Each structure stands twice: as structure tokens, then as C-alpha cells.
2 protein chains.
Amino acid sequence: MSTKDSATEELIKETAKKIFFSEGRFNATTQEIADAAGVNRTLVHYYFRSRDLLFEKVWLEGHAEFKEKLMEEPKGDLSFKQKIERFIDVWMAHAQKYPYLDSYLAANMHAGELLDNVAKFRDDHEQRKKAFLQEIEREMKAGTIPEMDPMQFVLNLVSLISYPLAMRPLMERSLSLGKKKYEALMKERKQAILKVLFKD
Amino acid sequence: MSTKDSATEELIKETAKKIFFSEGRFNATTQEIADAAGVNRTLVHYYFRSRDLLFEKVWLEGHAEFKEKLMEEPKGDLSFKQKIERFIDVWMAHAQKYPYLDSYLAANMHAGELLDNVAKFRDDHEQRKKAFLQEIEREMKAGTIPEMDPMQFVLNLVSLISYPLAMRPLMERSLSLGKKKYEALMKERKQAILKVLFKD
DNA sequence: TAATTGTTTGACAAAATTGTTAAACAAAGG
DNA sequence: CCTTTGTTTAACAATTTTGTCAAACAATTA
């Protein structure tokens, strides 16, 4: 978004995002991407120099987009529970668009480079994270959620949200559920999560 | 295991498992695998014909091993909670050995072939699954766990176990935790999971 | 219209990876 | 000792994928 972003460049990027993170085809070749976008393969190199740079660019963009939405300061004051609800909503919406974004991250953590870039955000978010943890402790003391290490609460939260979406095809199969049934399950998901996180 | 399994063959397989599923380097070449095993690259082809066949073989083996341990009938009678505890223990142990096995599955579901093979197990497990779901419902009625769609309970269970292990490097970073601290967190993990699943 | 700039293309080169083959080697049995 | 069988190796071939380049093309601007 820094400058103009020719239509073709944008088209290639969007196509790549779709192939990589919606369809999960991480090993797609430049040829396949170019074909899917309906452009000459050389253009991929013209705009992004190399396949890896293209990948990195779209990955960072997708991830940044997600973080931004997630961290966006909500309008009015929200209760703790409302904040959690919003967190769930945003995350689930994103995971529905790019189901393979997180699983790529999981499967490629070892590379490490990706996370270094992500870390740029860190300073900004560090204090907000701290505030969030403190808020969790307050809630525990107030008795709205069970007492435990606040980190465990965070792990619970993201696990319950992300896993069923990232692992959706696996879960569908191993639970012998059809597409429809799983969708219905996801619709109820938010409430199911809230039910186990909060004492009620 | 069908026949003899020469030492070299076994060595290559074990090395491949480690590279693929412990280190998560799914794109490792035959050369890298051979190097890591300290054998000539041609041997990989001699024993497994092709890279893909090697991959499939070790994947199926790893997965089968896991399923077997998970489904193994426990000795005496266990209470529902004890069964869940055992489930957590087995899964966490396995995920510690091969943290990338599940995430590979997640990231490559679209291929679909893998799961077809896994499906062989299905008939055996189908009825046990049903029994498990019924047991969950009984527990809900008995009031030991919150009322919800039993499938949601299953999703909660596997999410809470698997995600923090599969996403470990990501979580370590985004929560700014050191290796030590995260390990400690995992030690407490079982109790944290039980705490949210059961009413107490 | 000529010139400049940016875009697109096909042809080509380079690199990386896989797969095959024939020959060397070693162990075991006759 | 010779033969057979299974194992290991190096050299080679084939394929796949990436990356480069010069020329064609289009749009805009002088």
C-alpha cells in the first residue's frame, strides 16, 4: 500500500493469498500462481523478484491485517466478557477467510524468519498484553473465571478459538461430520467457548 | 514391520520421522535426509523407491502409532474423568515427541490422500466414538460437566490439548515466554485443562 | 510524432531435485 | 573358492522449478 500498486501486482498478490492461505497449497509454483491469476509467469518475478519474496510479502500482509483487526481499540468501554467476545468474533472471521494462515505458521515455525518480522509489533503491544493479563487476574479475583495462571487462560482462549478452524478438515473427518453439520457447530462455537471460560 | 526391516532402512525411516515431524522440515530433500542419516542418497530410493513413498510411509506409521496408543483399552475400569486424564497424558506425550505431525496434517488436508488411508481405522473406532459421546451426555446430565453439544466438548478437549503444543514456538514468542517458563506451563497444563472442562 | 516510461511476453539459462543404472562390495551358503 | 544374494556407491539422465534477458507492446508526455 506504500505507493500505487498496479492492478496486476495486486491481482497476483490476492491470487497468491488465496492459493496459499485459503486453499493451503503452500508449495504452489510460480507457474500455478500465474495461471490462476491469468498472467504471464514472468510478471511474478517482475513485481516480486522471487517466489520467496512474494510469499513473504503476502504472508506478512495477511498476518498484519489480522493483528491489526485483533488489536484495534474498540469504541466504547467494554466489559471483560465483551472484550473476549469481540476477540472471538474477529479471530473466527479471519480464520474463515484464511484457514491455512495459522497452520502454515505452526508448520513452519522452525524457519523463524517470519516471526522476526512479526516481532516488530512487539513494543506497541507489550504493554497492552500486560494490561490484559492484569485484567484477567482481576476477573479471577472477582470470581467470574476460574483461578489459574493467567497465561493458561490465554492459552485456553486461543486454543478453543483457533484449533477447530485450523484443523477443520481433520475434525470433520474424525468426527464423521458433514460440511453442514460442522458449520452449524462453528455457529454455536462462540457460546461453547464462553461457557467453558466463564463460570457463568 | 511386515518383514525384516534392515537396520539401514529403519535408520532412514527414523531419521525421516525426526526431520519431518520433530523438526517440522517437510520440504527436506532426499539429500538432506540421507545426510542426516549418514547414508548415501541412493539408498533412500533403494528402500523406498521415491521420496513421496518414504514420506507417506513414515507419516502413516507415526499416525498409526499415535492412534493405537490413544485407543488402547485401559486395564481396569476408569471413571470418565480418569479416561479424560489418560487421553490428555497420551496425547501430550506424543505431541512432545512429534510436535509437527498434527500441524502437517492440518496444513495438508486439502491433498486428501492421507486421510483416506487413515479412514481404514474407522469402522473399528466408529462405535467406540459413539459410546464416548453417550458417556459425555451422561456426564452432562449428572452435572459433572457443563451442558452443551457433546461434539463441542470433544472439540474443546482436543483444542486445549493440541494447540499449545502444536503452536508452541508461536505461543512462546507472542507471550514473551522463555523455554523454561513454557515448559513449566505445559507441566501445569493438564490441571488447567481439567479445570475448565469439569465443573469440579 | 518521437521519446520516454512502464508493462508484458517468449525464449533461454541455471539451479535444484528426483530417479535410474551399472558396477563395486560384502556377507553367507554351498 | 565360487556363487548367490543383498547392500552400497558413483555417475548419469530426466524433470521440475526458478530466475534472467532482450525484444515487443502500450500508454503517456513532450
Side-chain angles (χ1 to χ4, degrees), chain A residues 1-61 100 104 107-108 110-114, chain B residues 1-61 100 104 107-108 110-114:
Chain A
M1 310 258 169
S2 49
T3 47
K4 40 213 155 189
D5 272 13
S6 94
T8 314
E9 182 174 357
E10 198 57 31
L11 172 64
I12 293 174
K13 250 179 3 193
E14 284 312 306
T15 308
K17 271 187 201 169
K18 204 170 99 187
I19 289 182
F20 290 143
F21 305 122
S22 296
E23 300 171 16
R25 303 177 41 227
F26 302 120
N27 293 330
T29 68
T30 54
Q31 189 63 255
E32 293 175 288
I33 296 167
D35 287 352
V39 302
N40 191 288
R41 185 178 64 86
T42 313
L43 288 178
V44 175
H45 290 94
Y46 176 69
Y47 285 110
F48 304 96
R49 296 202 63 82
S50 80
R51 185 199 175 280
D52 288 352
L53 286 175
L54 166 61
F55 189 95
E56 195 186 325
K57 190 162 229 171
V58 296
W59 194 88
L60 285 174
E61 253 187 51
Y100 292 96
Y104 175 82
N108 292 273
H110 53 89
E113 312 131 26
L114 287 173
Chain B
M1 313 264 168
S2 49
T3 48
K4 42 217 153 189
D5 272 14
S6 96
T8 315
E9 181 174 357
E10 200 57 30
L11 172 65
I12 293 173
K13 250 175 7 190
E14 283 312 305
T15 309
K17 271 187 200 169
K18 204 170 101 186
I19 290 182
F20 289 144
F21 305 123
S22 296
E23 300 170 18
R25 303 176 41 227
F26 303 120
N27 293 330
T29 68
T30 53
Q31 189 64 255
E32 291 174 289
I33 295 167
D35 287 352
V39 304
N40 189 289
R41 185 178 66 83
T42 313
L43 288 179
V44 176
H45 289 94
Y46 176 69
Y47 286 110
F48 305 96
R49 296 202 63 82
S50 81
R51 186 200 175 278
D52 288 352
L53 285 176
L54 166 62
F55 188 95
E56 196 186 323
K57 191 163 228 169
V58 296
W59 194 88
L60 285 174
E61 253 186 51
Y100 292 98
Y104 174 81
N108 291 273
H110 51 85
E113 312 131 25
L114 287 173

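Within every chain, numbering begins at 1; the chains are lettered A, B, ... in the order of the sequence lines, protein sequences first and strands thereafter. Fair warning: this is a prediction, and the values are worked out from it, not measured in the lab.
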If you look at every heavy atom in [X] and [Y], which pair is closest and at what distance?
X: A:I19; Y: A:E32; value: CD1-O, 4.2 Å
X: A:S6; Y: A:Y47; value: OG-OH, 3.1 Å
X: A:H45; Y: A:S50; value: CD2-CA, 4.2 Å
X: A:V39; Y: A:T8; value: CG1-CG2, 4.1 Å

_Whether A:T8 contacts C:dT8 is assessed here as follows: a side-chain N or O lying under 4.0 Å from the phosphate OP1 or OP2. Is that the case?_
yes

*Is the shortest side-chain N/O distance from B:Y46 to OP1 or OP2 of C:dT20 below 4.0 Å?*
no

In whole angstroms, how far is the [atom2] atom of [N] from the [atom1] atom of [X]?
X: A:N27; N: D:dT18; atom1: CG; atom2: C1'; result: 14 Å
X: A:H45; N: C:dA13; atom1: NE2; atom2: P; result: 17 Å
X: A:L54; N: D:dT18; atom1: CG; atom2: P; result: 11 Å
X: B:L11; N: D:dT7; atom1: CG; atom2: C1'; result: 14 Å
X: B:F48; N: D:dT7; atom1: CZ; atom2: C1'; result: 14 Å
X: A:I12; N: C:dT8; atom1: CD1; atom2: C1'; result: 11 Å
X: B:R51; N: C:dT17; atom1: CZ; atom2: P; result: 10 Å
X: A:E9; N: C:dT7; atom1: CD; atom2: C1'; result: 12 Å

Ignoring the backbone of [X], work out which of [options] is nearest its side chain.
X: A:N40; options: C:dT20, C:dT9, C:dT7; value: C:dT9
X: B:L43; options: C:dT20, D:dT9, D:dT18; value: D:dT9
X: A:R41; options: D:dT18, C:dG19, D:dA10; value: D:dT18
X: A:T42; options: C:dA11, D:dT9, C:dG19; value: C:dA11

*asked:* Please identify which of these residues, A:E61, A:E10, A:E23, meets the salt bridge (charged side-chain N to carboxylate O under 4.0 Å, His left out) condition with A:K17.
replied: A:E61

*asked:* Could you tell me if the side chain of A:E9 sits less than 4.5 Å from the side chain of A:F48, heavy atoms only?
replied: yes

*Using 30° and 60° as the class limits, which term best fits the ring planes of A:F26 and A:F21: parallel, tilted or perpendicular?*
tilted

*Give one of base, sugar-phosphate or nothing for A:Y47, where a contact means two heavy atoms less than 4.0 Å apart.*
sugar-phosphate

_Of residues 28-35 of chain A, the positions that come close to DNA chain D - non-hydrogen atoms, cut-off under 4.0 Å_ = A:T29, A:T30

